[in-house]
Number of protein chains: 2
Amino acid sequence: MKGKATSFDIAHLTGVSQSTVSRALRDSPLVSEETRRRIREAAEQLNYKVDKNASNLRSQHSGTLALLLFEDPTADDSHINPFFLSMLGSITRACALRGYDLLISFQQLSYDWHADYADTKKADGIILLGYGDYLAYLDKLQKLVAQGTRSIRWGAVLPDQPDVSIGCDNYQGGQAIATHLLEQGCRRIAFLGDASSHYPEFFERYRGYAATLQQAGITMDPALQVDAAESTEQAGYNALETLLERAEPFDAVFAASDLIAIGAMRALADHNIKVPEQVAVAGFDDIPMARFLNPPLTTVLQDTKLAGETLVDNLLCLIRNEPVETHLLPVKLVVRRSSQFSQPADHV
Amino acid sequence: MKGKATSFDIAHLTGVSQSTVSRALRDSPLVSEETRRRIREAAEQLNYKVDKNASNLRSQHSGTLALLLFEDPTADDSHINPFFLSMLGSITRACALRGYDLLISFQQLSYDWHADYADTKKADGIILLGYGDYLAYLDKLQKLVAQGTRSIRWGAVLPDQPDVSIGCDNYQGGQAIATHLLEQGCRRIAFLGDASSHYPEFFERYRGYAATLQQAGITMDPALQVDAAESTEQAGYNALETLLERAEPFDAVFAASDLIAIGAMRALADHNIKVPEQVAVAGFDDIPMARFLNPPLTTVLQDTKLAGETLVDNLLCLIRNEPVETHLLPVKLVVRRSSQFSQPADHV
DNA sequence: CTGAAAGCGCTTACAG
DNA sequence: CTGAAAGCGCTTACAG
């Protein structure tokens, strides 16, 4: 036998037609049990595998989902955000469990990703994952949807969005952190992170935090919010430096992400400011290293396993033209030592 | 225009044959510059994309690599080993840079993974990544190679292996840790991890460590080696408990992986044994959280970026039928506080 | 339950 | 430089 076996080879070997082979291998009830068995045996013997390119071409679906991990243009060779890495792992697992393959690709936000995978028929649908300026890629999302591409996005759930998205309840997460910090006696709680519609997830966290403070009768002080558009340690470090330069007193820091919190804690250490004794710190995401930090970081857990499953399941619904309900996933406050005072705080 | 445009639609629109369209879109020099320009414009206008299933079927290659992440059967819903997650990220990037797509899949070691991706023509070659009992999947590797599947494996480089593999110089890493611990004054250095040909990477680390101790005139004490076949925190925790039960004195722990080291450090903390004052600890991998541990963990850095690029480049060579040279990647000792004594150690 | 035939949308000799 | 034709290996009406 030269080259790989085809369905015709199985047909010759078993004395049936090629159509019957094709049916039998897909376990069609149209083929008798006995014939199916003989065909399966022959296939195994010849080491036959269905050519996916041929079957996908004919049947017009690929059994594959594409995951587009997009990043800000600034992203260099640095590691991928650990939170997205966790998501990637959970999405991979969810796909495998549902019999789908997963194609993974990095995308620069600037690149024409809306056109790729789905249009070239390599994937039946795409999952969008990443941080980036929402307003900058909004029109790409619109094109994507206009072209009928099945896609689902991890991120903020907004009233006017063109596409379907799944996200955590960032607002509630922001509330939970703020409530906790208030309970710890903090009154001047800084927010490190972008608080604008460019980064809606961070903005929701900010809004939950701000609403809680206001309900507690605290006047928001603009000097206590510092941008850190990128979710990186360096951005967190810089943001805290900026905060210190403003010379406004603060007794807690709520970082829009764990990575920002890690950078902020490093900056605090460099200034000999004790966490949590002088400043309480909280983050968001509960990335794996959060519990190993010194002190361990109080944060908001996003359930990446549930998130991955929900993304895949809803995308599959979209592909089958079934209705999908956009919903927010619950978050959970995880209190660790970085925010727990054993004694009254000395304000900075 | 109903449905997606095909190359025939472009042909009609531009008044050339479909073959010319196909050539032009692949930038064939056989087509005049002017004709190519017109065809590109028409393609853009009709939002045309080449159907990859059709082109792959015809040309018999897919422009796709498959990454098989395999795990021990014990792996449940727990997080993926952070080291492999880093590798995954770097492989994804390396593929993107070389214009290849990456298909990702989890595999149970028990499953018939040797048959999949490459045989179904979905991928031109496969990358194998993961821990598991080497002896248990050796015959699958043999089948894989016998069938002519292009594959490359991350792992130990052994003299008698059937396939091509890329790995770090685990032996040298083991030497580096042992040398460092000896310099710190440690003399009874326990090894936590499997030290058998079932897990050749761990075994190499063990052999480098053992050789170094013996050169220093230290007699190996079997009581100081504890299996931890799985590379998990729990396995590390259990291994250290076992070590303590043996009631043999030890002044250092060399864990076969960072995850094992983390578990061991947790067990030491639970027994109120101070790191590094009473017991120095070192790991292997330098996963992102290693530097955040308390105390930060001394370990051996495996350069995942280089590893990912080397894997992809060598697999691409295999696919082009070019010769590949199996080689070991260098490792780097990273000394942190978990192994640095400021004062003489109190042995346990 | 089975078979003969068409066709998915490309790429690639072959011919000019 | 361009075109007509074959064919990659399947799935799926259609007919029996």
Side-chain angles (χ1 to χ4, degrees), chain A residues 1-40 42-43 46-64 116-124, chain B residues 1-40 42-43 46-64 116-124:
Chain A
M1 181 78 47
K2 297 177 71 70
K4 299 270 180 194
T6 71
S7 52
F8 283 94
D9 297 322
I10 316 280
H12 290 152
L13 195 68
T14 49
V16 298
S17 74
Q18 180 268 337
S19 345
T20 300
V21 171
S22 173
R23 288 195 192 96
L25 262 15
R26 278 171 298 120
D27 274 323
S28 161
L30 288 174
V31 181
S32 75
E33 184 52 55
E34 161 65 8
T35 311
R36 273 194 288 195
R37 194 189 49 71
R38 277 175 43 227
I39 291 174
R40 264 199 307 270
L46 295 187
N47 230 301
Y48 170 78
K49 294 288 162 189
V50 172
D51 183 314
K52 283 294 182 184
N53 290 132
S55 76
N56 292 348
L57 172 59
R58 184 54 234 258
S59 62
Q60 296 295 332
H61 56 74
S62 65
T64 301
D116 271 9
Y117 298 92
D119 289 356
T120 60
K121 306 275 177 62
K122 287 167 83 162
D124 298 333
Chain B
M1 182 78 46
K2 297 178 71 73
K4 299 273 182 194
T6 71
S7 52
F8 282 95
D9 297 322
I10 316 281
H12 291 151
L13 195 68
T14 50
V16 298
S17 73
Q18 182 268 338
S19 347
T20 300
V21 171
S22 173
R23 287 193 193 97
L25 261 17
R26 278 170 297 119
D27 274 323
S28 162
L30 288 174
V31 181
S32 77
E33 184 51 55
E34 161 64 10
T35 310
R36 274 193 288 193
R37 194 188 50 70
R38 275 176 45 229
I39 291 174
R40 265 199 307 269
L46 293 188
N47 229 302
Y48 170 78
K49 294 289 162 188
V50 173
D51 184 315
K52 283 294 181 184
N53 290 132
S55 77
N56 292 349
L57 172 59
R58 184 56 233 258
S59 62
Q60 297 293 333
H61 57 73
S62 65
T64 300
D116 269 9
Y117 299 94
D119 289 356
T120 59
K121 304 275 177 63
K122 286 167 84 162
D124 298 333

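Quick note on labels: first sequence line is chain A, next is B, and so on, each numbered from 1.
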Item to check | side-chain hydrogen bond (donor to acceptor under 3.5 Å, both in side chains) evaluation trace for A/S19 with A/R23 | outcome: CA-CA 6 Å; A/S19 345; A/R23 288 195 192 96; 4.8 Å; no
Checklist outcome for this item: Each base of DNA chain C marked ( ) or [ ] if paired in-strand (Watson-Crick or G-U under 3.5 Å), | if paired to another strand and . if unpaired gives |||.||||||||.|||
Base, sugar-phosphate, or nothing for [X], non-hydrogen atoms under 4.0 angstrom?
X: B/Q18; value: base
X: B/S19; value: base
X: A/S22; value: base

Checklist entry - Can you tell me how far the CZ atom of B/R36 sits from the CD atom of B/E34, to the nearest 0.5 Å? => result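 Rounded to the nearest 0.5 Å, the CZ-CD separation comes out at 11.0 Å.
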Checklist entry - Is the backbone of A/S22 close enough, under 3.5 Å, to the side chain of A/R26 for a donor and an acceptor to pair up by distance? => result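 Yes.
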Item to check | Ion pair check, A/D27 and A/R40, cut-off under 4.0 Å | outcome: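 Salt bridge flag = yes for A/R40 with A/D27.
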Checklist entry - B/S28: what forms a side-chain hydrogen bond (donor to acceptor under 3.5 Å, both in side chains) with it, not counting sequence neighbours? => result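 By the side-chain hydrogen bond (donor to acceptor under 3.5 Å, both in side chains) rule, B/S28 matches no residue at all.
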Item to check | Atom of B/D124, atom of B/S62 and distance for their closest heavy-atom approach | outcome: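 The pair with the smallest heavy-atom distance is OD1-N, 2.7 Å.
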Item to check | Pairwise 5' ranking along DNA chain C for B/N53 and A/V16, keeping only the more 5' one | outcome: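 By nearest-heavy-atom nucleotide position, the 5'-most residue is A/V16.
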Checklist entry - So where does chain A start and stop touching DNA chain C, 5' to 3', when the test is distance under 4.0 Å to a non-hydrogen atom? => result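 So the contact region on DNA chain C extends C/dC1 to C/dG9.
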